[in-house]
2 protein chains.
Amino acid sequence: MANRAEQKARTRNALIDSWLGIIGSGVNFASISLREVAKAAGVVPTSFYRHFDDMDELGLAVVDELGLDLRRLTRGSFDASQSMDANIRRGVGVYQRYVVDNAESVEFVNQARTGGTPALRGAIDSELSYFSTRIAGALRALVPGLKPSERDTVAQLILAVLLENTTALLAVPTKSRALQGEFRQELEDKMRVIMLGAEQLGTVSSPTRKPRQTPQPSAL
Amino acid sequence: MANRAEQKARTRNALIDSWLGIIGSGVNFASISLREVAKAAGVVPTSFYRHFDDMDELGLAVVDELGLDLRRLTRGSFDASQSMDANIRRGVGVYQRYVVDNAESVEFVNQARTGGTPALRGAIDSELSYFSTRIAGALRALVPGLKPSERDTVAQLILAVLLENTTALLAVPTKSRALQGEFRQELEDKMRVIMLGAEQLGTVSSPTRKPRQTPQPSAL
DNA sequence: TGTACATCAGTGAACGCGCGTTCACTGATGTAC
DNA sequence: TGTACATCAGTGAACGCGCGTTCACTGATGTAC
């Protein structure tokens with residue numbers, strides 16, 4: 001009945017899901033043991049090796065999955081024909097929904113970004129670089145005045161704020177519409193400050209240079 | 001000769017330093033064992049308990065030390081009589097020097113912020129809240145037009161960008177003036193975007209409301 | 001369709017190891033008189 | 001200053017435990033003919 005490859009894939013998923021479940025219960029991903037994961041997956045410890053060389057490989061598999069999601073999500077999350085504010089709301093909404101719906105995987109990546117092995121951190125960095133590039137691409141249409149290097153700066157800034165707020169978001173009760181809404185509001189406000197700065201920067205450095213008319217004696 | 005309290009403090013410091021040394025060698029703080037730390041400190045495992053109940057308490061001690069540094073550093077890191085750009089350069093400089101000079105402690109806090117026990121994360125959050133409040137306070141003089149809630153938003157934004165760039169800074173070779181300079185430049189640029197946004201926001205929401213004269217059809 | 005053989009996901013016993021924690025101890029430092 | 005006692009930082013043996021990894025195995029699934 002059960003196709004061999006299918007059964008193998010099922011066990012593999014059980015290992016990954018068990019691992020994520022333990023992470024979701026509040027344990028640091030680095031202190032979870034292979035035996036613990038195997039046991040939770042209803043499989044003997046030795047079986048683990050039929051699927052992964054070690055725990056690091058399991059982590060890398062999860063990063064790969066998230067990478068695929070990222071590519072899917074960034075397609076069509078920006079729309080230059082709409083207002084900046086609409087784009088901010090849309091982007092923040094997509095991000096927030098994804099984090100809430102994939103809390104365990106995101107929790108893992110959030111930990112591994114600072115505490116993972118070099119291989120893990122490298123894999124995560126590479127996905128995030130891709131993401132940053134996508135944001136910079138969206139900025140070309142959204143804030144036409146920006147130079148390429150400025151787009152990179154702003155893209156990294158946006159990414160930094162998203163990532164930095166992930167820990168806080170993971171702590172917001174999923175069920176509380178009020179608290180989730182409050183988080184969303186605050187994050188949108190932060191993005192608005194950044195985009196105000198980006199637009200200002202774009203106006204200043206644009207080829208069709210317009211004088212800044214609001215009194216700002218300082219930056220740049 | 002050796003005063004008993006002094007000797008005890010010396011051992012305590014040896015434990016902390018050994019622990020930080022292991023962290024500095026690239027090991028995740030959560031996977032370092034009590035026995036490992038005791039051994040590196042040249043002391044028997046049982047001795048550890050004369051100083052800390054468990055490893056978590058050791059971590060909390062380090063957080064406390066960093067908290068003191070933070071209070072010292074934030075005194076006089078802003079100067080409303082100077083230009084915004086001067087303040088940015090000063091703030092980024094202080095931050096960068098501190099991270100480079102205290103790489104091991106900062107590495108720990110950077111990991112513990114996402115991967116620590118609830119007690120550890122709580123202690124760190126509390127220090128960072130203090131820091132955020134200090135930044136918001138500095139903004140009162142620096143960008144007078146901002147409403148209190150806007151100052152909070154901008155302060156959190158600044159803090160997020162500092163924290164988010166810490167992992168990257170920890171990976172920049174300490175010795176390379178060129179790479180350190182490049183990092184500083186990029187971080188300053190990010191801060192400038194935020195402050196441009198903040199000043200713009202302050203202009204818009206100020207009681208002496210001036211019309212925005214640069215064409216920005218969107219945000220807020 | 002039936003048979004004989006190959007594959008390989010999962011098993012279960014066994015290993016040596018480092019772990020956190022307990023306990024009663026030692027002996028130098030500190031204190032009271 | 002000298003003596004007798006208290007304190008307590010550090011010791012060393014011992015414990016039971018869960019760890020990652022090895023190995024030869026089993027038996028269901030897959031394949032060749």
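Predicted, not measured: the structure shown is a model, and the values here were computed from it. Naming convention: chains lettered A, B, ... in sequence-line order (proteins, then strands); numbering from 1 in each chain.
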Residue met sooner reading DNA chain C from 5', once A/Gly42 and B/Arg50 are mapped to nucleotides: A/Gly42
Nucleotide paired to D/dA9 in any strand shown, Watson-Crick or G-U, under 3.5 Å: C/dT26
Whole-Å gap separating P (C/dA9) and CG (A/Asn3): 12 Å
5' priority, DNA chain C, between B/Ser33 and A/Ser47 [closest heavy atom]: A/Ser47
Integer-rounded Å distance: D/dA9 C1' and B/Asn13 CG: 15 Å
Ion pair check, A/Lys190 and A/Glu186, cut-off under 4.0 Å: no
Assigned partner base of D/dA14, Watson-Crick or wobble definition, under 3.5 Å: C/dT21
Identified pairing partner of C/dA32, criterion: Watson-Crick or G-U wobble below 3.5 Å: D/dT3
Among C/dA13, D/dG10, D/dG20, the nucleotide that comes nearest once only the side chain of A/Thr46 is considered: C/dA13
Distance-only donor-acceptor test, A/Arg35 side-chain atoms vs D/dG20 base atoms, 3.5 Å: yes
For atom CG of B/Leu15 and atom C1' of D/dG10, their distance in whole Å: 11 Å
Any side-chain donor near an acceptor of the partner, B/Thr153 and A/Asp189, under 3.5 Å: no
Spacing of B/Gln7 atom CD relative to C/dG30 atom P, expressed in whole Å: 11 Å
Earlier contact from the 5' end, DNA chain D, for A/Met55 and B/His51: B/His51
Nucleotide D/dG18, atom P - distance to CD of A/Glu36 in whole Å: 11 Å
Heavy-atom donor-acceptor pair, A/Asn28 side chain to B/Gly115 backbone, under 3.5 Å: yes
Closest listed nucleotide, where the reference is the side chain of B/Arg4 and the choices are D/dC8, D/dT11, C/dT21: D/dC8
Backbone N/O of B/Glu6 and side chain of B/Asn3: donor-acceptor pair under 3.5 Å: yes
B/Arg10 CZ - C/dT29 P separation (whole Å): 11 Å
Whole-Å distance separating the NZ atom of B/Lys8 from the C1' atom of D/dC8: 8 Å
Interatomic distance, A/Tyr49 OH vs D/dA24 P [rounded to whole Å]: 17 Å
Ion pair B/Arg113/B/Glu127, N-O distance below 4.0 Å: no
